Amino acid sequence: MRRVMMLLPWFLLVAVVAYFWQLQEGWKKHTETVTVQNQPPLVLQGSGAAFSYSAAVKVAAPAVVNIYTTQKVRVHPLLQDPMLRRFFEFHQGRSDQDNSSDGSSNKSPEPTSLGSGVIVTADGYILTNNHVVAKADKIVVALHDGRRAQAKVVGTDPDSDLAVIKVDLTGLPVLPFRKSTTEVGDIVLAIGNPFGVGQTVTHGIISATGRSGLGINAYEDFIQTDAAINPGNSGGALVDVSGSLVGINTAIFSRSGGSMGIGFAIPANLAQQVLTDIIQSGKVTRGWLGIEVRNQADPADDLVASSGTSAGVKIVGTQKGGPAEKGGLKANDTIIDLNGTPITTAGQLIQLVALQKPNTQIKLNVKRGDQTLKLTINVAERPPATAKNDDDQNNDDDAGQLPFGLFGGQ
């Protein structure tokens with residue numbers, strides 16, 4: 001009995017050590033579970049259980065640039081007449097270099113607009129929004145470290161509102177693309193230059209993914225976030241807590257011109273695809289059918305009861321001589337599926353067609369009256385966005401859109 005009493009404390013000590021060892025192993029497994037697939041989250045815990053994302057900002061912020069653009073505005077020669085200028089109360093500042101030999105001027109001051117961009121390669125390629133640089137005569141990029149450089153446009157993709165510009169500088173920080181899937185509820189940071197006040201970081205979550213049908217761009221697959229985005233943030237970075245690029249901030253829903261907690265970003269995977277295409281070939285190539293479409297008003301309309309599919313997408317019209325017309329599609333047809341994928345919305349159809357390579361074939365199940373048809377159509381290359389025959393689109397690209405990627409909504 002005495003021997004047992006002498007050994008009891010040692011047994012208790014061993015039990016306590018084993019217990020704490022199991023707790024430590026369990027905590028390690030927990031931290032491995034919550035670690036982001038791309039790289040470990042850079043979140044610091046301070047006093048009072050408050051969290052800081054300063055480490056993630058230190059990774060991402062140096063690669064986010066401010067973009068300043070200028071555009072020369074041409075003035076009608078009649079407005080050079082002093083009497084007409086006084087009548088119309090037309091005033092402008094003039095510089096000596098703008099004056100021609102006869103003392104007149106046909107140029108106004110250069111209005112300056114602003115936006116943001118993201119350095120994505122060490123040799124100076126920068127992603128931004130097309131609407132930031134579309135009409136610019138001069139583009140100046142201001143880096144986080146204080147350097148400034150003039151940039152040139154490498155290529156643009158108006159359909160997705162993305163553009164690639166380049167600066168000739170060395171020692172550039174690069175923002176990596178997020179590799180893992182973005183999910184609703186993920187914490188994100190928006191970095192940009194709102195209203196020209198300087199680089200600013202805001203915080204929120206991903207509110208939704210796959211947003212389309214907003215009428216902002218021809219090709220829509222937006223990430224929605226409640227992180228504050230304002231004019232000047234366009235082209236800036238939406239990053240995760242690891243400091244990786246989640247998306248390119250492009251638009252907000254607003255009735256006031258400021259953030260209302262509904263912002264939209266172009267996903268990083270789409271931005272990376274556009275970047276690669278523009279660098280390699282100077283343009284983005286997408287599939288095209290030459291159709292106008294709309295969602296079905298009633299999910300039960302024009303469907304075969306045994307099909308087991310959703311409402312599909314109705315054809316409003318086809319372009320004369322286009323791929324759809326040549327393939328047998330007609331107005332009032334309903335596309336039920338594409339290559340076996342059920343079609344539920346017009347936005348989904350636009351994306352699936354755009355992903356097809358030109359000169360390839362797609363197979364469609366189409367409802368026409370009481371008949372179900374199987375059609376094979378040769379996909380063509382989508383025309384430039386400047387053409388009026390915008391493909392697979394049920395409204396105008398610029399409808400409701402305001403400067404700096406704002407849109408008011410009706």
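Values below: every heavy atom of this structure, side chains too, minus hydrogens, waters and symmetry copies. This is a predicted model, so every value here is computed, not measured.
Of the possible donor and acceptor atoms, one in the side chain of T202 sits under 3.5 Å from a partner among the backbone N and O of A228. One N or O on the side chain of N193 and one on the backbone of G198 form a donor-acceptor pair closer than 3.5 Å. Side chain of T225 to backbone of I205: a donor-acceptor contact under 3.5 angstrom is found. Under a 3.5 Å cut-off, the side chain of N130 and the backbone N or O of A134 do not form any donor-acceptor pair. Q273 places no side-chain N or O within donor-acceptor distance of the main-chain N or O of N269, the cut-off being under 3.5 Å. In this structure, the side chain of D186 engages the main chain of E183 through a donor-acceptor pair within 3.5 Å. Put simply, the side chain of D333 gets close to the backbone of K330: a donor and an acceptor are under 3.5 Å apart. Of the possible polar contacts, none joining the K58 side chain to the A61 backbone as a donor-acceptor pair under 3.5 Å is found. A donor-acceptor pair under 3.5 Å links the side-chain atoms of N249 to the main chain of A237, judged by distance alone. With hydrogens and angles disregarded, no donor-acceptor distance shorter than 3.5 Å links the side chain of Q272 to the backbone of A268.
I191 places a side-chain heavy atom less than 4.5 Å from the side chain of V239. A heavy-atom distance below 4.5 Å is found between the side chains of K283 and E381. Inter-residue side-chain proximity for V366 and L329 is flagged as met; some heavy-atom pair is nearer than 4.5 Å. Looking only at side-chain heavy atoms (C-beta outward), V379 and P358 stay at 4.5 Å or farther from each other. Taking the side chain as every heavy atom from C-beta outward, R382 and V284 never approach each other to under 4.5 Å. Residues L175 and I119 are not in side-chain contact: their nearest non-hydrogen atoms beyond the backbone lie 4.5 Å or more apart. Between V167 and V65 there is no side-chain heavy-atom pair separated by less than 4.5 Å. Side-chain contact between I206 and V246 is present, with heavy atoms from C-beta onward closer than 4.5 Å.
Taking all atoms of both residues into account, the shortest heavy-atom contact from I165 to A151 is CD1-CB, 4.0 Å. The minimum heavy-atom distance linking H131 with T250 is given by the pair CE1-O, 3.5 Å. Residues P323 and A380 come closest through the heavy atom pair CG-CB, 3.5 Å. Pairing each heavy atom of R147 with each of L172, the nearest pair is NH2-CD2, 3.9 Å. Between G235 and I248 the shortest heavy-atom distance is CA-CG2, 3.7 Å. The shortest non-hydrogen separation linking V313 to L349 is CG1-CD2, 4.1 Å.
Put simply, CG on L245 and NZ on K179 are 13.5 Å apart, with the number rounded to the nearest 0.5 Å. Atom-to-atom distance recorded for S207:OG and D226:CG is 4.5 Å, nearest 0.5 angstrom. Between the CD1 atom in I262 and the CD1 atom in I229 there is a gap of 11.5 Å [rounded to 0.5 Å]. Once rounded to the nearest 0.5 Å, the distance linking CG of L364 with CG of N339 reads 7.5 Å. Note that CG of D240 is 7.0 Å distant from OG of S180, once rounded to the nearest 0.5 Å. Note: T334 OG1 to I315 CD1 = 8.0 Å, rounded to the nearest 0.5 Å.
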Query - Audit row: I350, V353, side chain to side chain contact (heavy atoms under 4.5 Å, CB included) steps and yes/no - result: CA-CA 5 Å; I350 294 170; V353 172; over 6 Å; no

Requested in this report: In sequence, state the C-alpha distance, the side-chain angles, and the governing distance for L143 and V141, and then conclude on side chain to side chain contact (heavy atoms under 4.5 Å, CB included).
Outcome: CA-CA 6 Å; L143 273 67; V141 172; 3.7 Å; yes

Report task. Could you go through the side chain to side chain contact (heavy atoms under 4.5 Å, CB included) check for Y53 and V188 one step at a time? Result -> CA-CA 10 Å; Y53 302 101; V188 287; over 6 Å; no

Query - CA sep, side-chain torsions, deciding dist, call: R286, D157, salt bridge (charged side-chain N to carboxylate O under 4.0 Å, His left out) - result: CA-CA 11 Å; R286 294 192 176 95; D157 180 36; 2.8 Å; yes

Query raised in the report: Between V316 and V293, is a side chain to side chain contact (heavy atoms under 4.5 Å, CB included) present by the stated rule, with each step listed?
Result: CA-CA 5 Å; V316 177; V293 296; 5.7 Å; no

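Judged by distance alone, the side chains of S52 and S54 do bring a donor and an acceptor atom under 3.5 Å apart. Checking Q356 against T360 by side-chain atom types alone, no donor-acceptor pair falls below 3.5 Å. The closest side-chain donor-acceptor pair between N365 and D337 falls under 3.5 angstrom. No side-chain donor-acceptor contact under 3.5 Å links T209 and R211.
Surrounding CG of N359 are at most 12 heavy atoms belonging to other residues, nucleotides or ligands under 6.0 Å away.
Taking the six-membered ring where tryptophan is involved, the planes of F264 and F222 are tilted, since the angle between them lies from 30° to 60°.
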